[in-house]
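Working notes, beginning with the structure itself.
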Amino acid sequence: MGKKTKTARLAQLPATAICGNDISSSVLYVSALSIIAAGRYAWVALLLVAGVLHLFRKIYGEVVGALPLNGGAYNALLNTTSKSIASLAATLTLLSYMATAVISASEAMHYLSGIIPSLPVIAATIFLLALFLGITVMGIGESSIVAQIIFIFHLVSLILLSGSIIIYLFSNGLHIFYSNNQLPLPHNGSIGMAIFWGFAAAMLGISGFESSANFVENQQDGVFPKTLRNMWFVVSVFNPLMAFLALAIIPIPEVSIYETNLLSHMGQISGGDWLAALISIDAVVVLSGAVLTSYIGVTGLLERMTLDRILPGYLLKKNKHGSSYRISLMFFLLSVSILLITEGKVETLAGVYTISFLLVMGLFGVGNILLKIKREKLPRPERASWLSVIVAILAVACALWGNIIKEPLPGETSNLNIFTEYFFPTIVFVAIMLNRTVLLDILMRFIEYLFIPILKLLTNTKQKIRLTIEKIESQEFVFFTRGDNLANLNKVLLYIQKNEHTKKIKIVNVHTNGENEIAEKLERDIEFLDRQYPEIDIKLIKLKGVFGPELIQQLSKEWAIPVNFMFIGSPGDHFPYRVEELGGVRLII
């Protein structure tokens with residue numbers, strides 16, 4: 001298993017910049033999408049989205065505050081359900097990041113081709129993906145400097161554009177806005193349906209909100225909720241504002257003509273060539289920043305999945321900058337392959353992008369509910385009310401349904417069909433990794449029983465498979481107990497049996513003087529469990545001392561067992577440590 005390299009943790013601005021570039025880049029396309037779907041009510045739909053995002057601030061704040069480990073929805077579900085369900089969330093998140101990286105890089109180069117007409121877009125997109133691969137490999141500290149420059153430049157550009165349009169309106173009046181309000185609504189003139197379709201399209205404007213949770217371990221204490229607040233503020237101000245200003249200076253029928261470069265067209269109208277060029281450059285820069293966010297977010301997620309043995313441990317190798325460069329390289333190769341397979345058609349990836357990230361947000365809401373039910377006593381800095389969580393999940397389900405049933409344009413494939421084409425191969429690979437010992441055992445039996453005449457020739461292969469299984473199952477796990485009852489210890493063994501590839505577990509009782517009765521009871525319970533689970537080697541370890549981060553690290557080094565293979569029950573309100581202080585210990589009961 002890889003060893004974590006200590007790196008400087010991020011303060012509020014760099015952490016906000018990394019995830020903010022992704023979510024704030026949505027303003028470049030979401031205004032046009034919302035106006036096409038909702039007409040004059042586009043800004044209302046975008047305000048509704050801002051309201052939903054406000055609910056998710058507390059949902060994310062509660063989950064990540066209680067379990068401040070990289071992995072986002074995967075981490076939330078891993079500590080409240082099973083590894084297989086958590087892997088579903090991880091798969092969706094990975095697909096979302098892959099689609100984000102390719103779409104953002106491709107869109108950035110399309111914007112740049114407006115400035116450099118002869119630009120080969122696909123080759124330039126690959127170059128941009130490779131450029132940010134290099135920046136990511138340099139380490140998260142260096143990456144954050146680039147992200148900050150991009151983020152500040154983007155905000156300044158949006159402020160200049162807003163100011164220019166407001167000055168333009170003072171000189172030219174609001175006659176276009178009034179004309180737009182006289183036009184018939186799309187979707188048979190129904191206000192409700194216009195807002196529904198506008199809301200479904202506008203939810204794309206908050207994609208990237210989940211990014212901060214995927215690198216929370218790289219942030220300083222207390223920074224995570226501030227990144228959520230800052231992202232919410234940027235989206236809540238600029239997305240509805242840009243849609244409103246677009247309706248004030250551009251007739252609605254013209255919006256679809258400028259769908260891919262609406263903001264630069266707004267700059268052309270209000271400020272002339274210089275402002276249009278500035279917005280185009282800003283689009284290139286901030287969409288490039290979204291590519292960087294994808295690299296950083298996916299690295300945090302895949303590091304966590306690899307530590308949990310869902311992905312090969314080979315990926316955890318770090319360079320001198322503390323960067324998991326093999327993960328970044330793999331992500332680059334996957335992104336380039338998708339770009340080439342789709343021939344750079346952004347709309348083809350949009351179905352994967354939309355459905356994946358909406359499902360991830362919905363699963364985060366589900367993770368919050370499970371945390372409330374299964375980890376009620378786990379300390380957390382804030383709590384989302386039951387009503388707000390249910391409303392948020394229903395809102396995401398509404399947007400998801402809208403994007404699934406949305407009719408594709410002539411010649412295009414539906415969002416759901418595109419999503420399933422990418423989702424199933426990915427989830428099959430994860431399923432193979434989760435069940436690799438069973439599959440290896442089946443392969444060994446297949447060799448043994450179907451190839452008896454040539455069995456001698458296959459003996460080496462069979463032996464290698466057996467050794468591989470034994471190596472995987474030789475990894476020991478640890479459960480710390482103060483003297484849990486037999487039922488709880490049985491839950492631990494059931495969890496291990498169902499979710500982990502192992503035949504060995506240490507039940508560790510850390511005690512002080514005067515706890516002999518608990519130790520004696522544990523011995524009787526372990527003897528009973530040893531008979532009930534003959535396939536698992538259960539050892540009871542009694543240690544005199546104080547349970548805490550120092551002891552965990554000491555035992556991890558002494559036994560060569562990674563901390564994320566150590567489990568505890570859900571701690572109560574009087575537990576003296578925060579979960580993150582324990583270094584990655586998992587909660588399983």
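Keep in mind that what you see is a predicted model, and the values were worked out from it rather than measured.
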- Query: Between S236 and W232, is there a donor-acceptor pair closer than 3.5 Å when you use the side chain of the first and the backbone of the second?
  - Reply: yes
- To the nearest 0.5 angstrom, please state how far the CD1 atom of I269 sits from the CD1 atom of I176. 7.0 Å
- When rounded to the nearest 0.5 angstrom, what is the spacing between CD1 in I393 and SG in C398? 14.0 Å
- Would N79 and R375 count as having a side-chain donor-acceptor pair, cut-off 3.5 Å? no
- Is there a side-chain contact between L245 and I249, using heavy atoms and a 4.5 Å cut-off? no
- Message: Can you see whether S270 engages S164 through a side-chain donor-acceptor pair at a distance of less than 3.5 angstrom?
- Response: yes
- Message: If we ignore hydrogens and angles and just use 3.5 Å, is the side chain of N214 paired with the main-chain N or O of G72 as donor and acceptor?
- Response: yes
- Return yes if some donor-acceptor pair links the side-chain N/O of T227 with the main-chain N/O of T16 below 3.5 Å, else return no. no
- Task: Under the ring-ring contact (aromatic ring centres under 6.0 Å, His included) rule, what do F331 and Y97 come out as? Steps first, then yes or no, please.
- Result: CA-CA 9 Å; F331 184 67; Y97 276 130; 7.2 Å; no
- Short side-chain to backbone donor-acceptor contact, S113 and I116, under 3.5 Å: no
- Message: Give me the atom names and distance for the closest heavy-atom approach of G402 to W197.
- Response: O-CZ3, 3.3 Å
- Query: Do the side chain of D22 and the main chain of S211 share a donor and acceptor less than 3.5 angstrom apart?
  - Reply: no
- Spacing of CZ belonging to F364 relative to OH belonging to Y74, to within rounding of 0.5 Å: 13.5 Å
- Task: Would you check, one step at a time, whether the test side-chain contact (heavy atoms from CB on, under 4.5 Å) holds for H154 with V285?
- Result: CA-CA 8 Å; H154 180 51; V285 169; over 6 Å; no
- Query: Between F209 and F56, is the gap from one ring center to the other below 6.0 Å?
  - Reply: no
- Interatomic distance, L94 atom CG to S87 atom OG [nearest 0.5 angstrom]: 11.5 Å
- 4.5 Å side-chain heavy-atom contact, I23 and V234: no
- Calculate, to the nearest 0.5 Å, the distance between atoms CG and OG belonging to L129 and S294 respectively. 9.0 Å
- Ignoring hydrogens and geometry, is there a side-chain-to-backbone donor-acceptor pair from N70 to V216 under 3.5 Å? yes
- Min side-chain heavy-atom separation L263-M266 under 4.5 Å: yes
- Examine distances only and state if a side-chain atom of K226 and a backbone atom of Q12 form a donor-acceptor pair shorter than 3.5 Å. no
- Closest approach of L77 to I85 (non-hydrogen atoms, all atoms of both residues): CD1-O, 4.2 Å
- Message: For a 4.5 angstrom cut-off between non-hydrogen side-chain atoms, does R380 reach V63?
- Response: no
- Message: Using side-chain contact (heavy atoms from CB on, under 4.5 Å), reason through S162 and L241 one step at a time and then give a plain yes or no.
- Response: CA-CA 8 Å; S162 303; L241 176 62; 3.7 Å; yes
- Message: Which label fits H265 and Y258: parallel for a plane angle under 30°, tilted from 30 to 60°, or perpendicular past 60°?
- Response: parallel
- Query: Does the distance from a Lys or Arg side-chain N to an Asp or Glu carboxylate O, for R383 and E376, drop under 4.0 Å?
  - Reply: yes
- Message: With a 6.0 Å cut-off on the ring centroids, do Y295 and F332 count as close?
- Response: no
- Task: Answer whether the closest heavy-atom distance between the side chains of S388 and K58 falls below 4.5 Å.
- Result: no
- Message: What I want to check is whether the side chains of S25 and E107 have a donor and an acceptor closer together than 3.5 Å.
- Response: no
- Query: Can you name the closest pair of heavy atoms from V291 and A101 and give their distance?
  - Reply: CG2-O, 3.7 Å
- Nearest heavy-atom approach of T93 to A89 is OG1-O, 2.8 Å
- Task: For side-chain contact (heavy atoms from CB on, under 4.5 Å), just list the numbers for L88 and F423, CA-CA rounded to whole Å, side-chain angles, deciding distance to a tenth of an Å, and then say yes or no.
- Result: CA-CA 10 Å; L88 171 65; F423 174 74; 3.4 Å; yes
- Query: If you take all heavy atoms of Y60 and M361, which pair is closest and at what distance?
  - Reply: OH-CG, 3.9 Å
- Nearest heavy atoms of A290 and T100, plus distance in Å: O-CG2, 4.3 Å
- Here the gap from M330 atom CE to S335 atom OG, rounded to the nearest 0.5 Å, amounts to 9.5 Å
- Message: I'd like to know whether CH2 of W386 has more than 12 heavy-atom contacts from other residues, nucleotides or ligands below 6.0 angstrom.
- Response: yes
- Answer yes or no: is there an ion pair linking R9 with E217, defined by an N-O contact shorter than 4.0 Å? no
- For R304 and L78, what are the C-alpha separation, side-chain angles and deciding distance, and is it a side-chain contact (heavy atoms from CB on, under 4.5 Å)? CA-CA 11 Å; R304 185 69 206 279; L78 182 67; 3.5 Å; yes
- side chain to side chain contact (heavy atoms under 4.5 Å, CB included) test vs L292 passes for just one of N21, T136, L131, namely T136
- Query: With distance as the sole test, does E210 use its side chain to make a donor-acceptor pair with the main-chain N or O of G208 at under 3.5 Å?
  - Reply: yes
- If we only count heavy atoms from C-beta on, is the T299 to F215 side-chain gap below 4.5 Å? no
- Measure from the side-chain N and O atoms of D282 to the backbone N and O of L278, and report whether any donor-acceptor pair falls under 3.5 Å. no
- Is the closest side-chain heavy-atom distance between L183 and P253 below 4.5 Å? yes
- Message: Would you say that S157 contacts I279 through its side chain, given a criterion of any heavy-atom pair below 4.5 Å between the two side chains?
- Response: yes
- Task: Check for a donor-acceptor pair, side chain of N180 on one end and backbone N or O of L247 on the other, with a separation under 3.5 Å.
- Result: yes
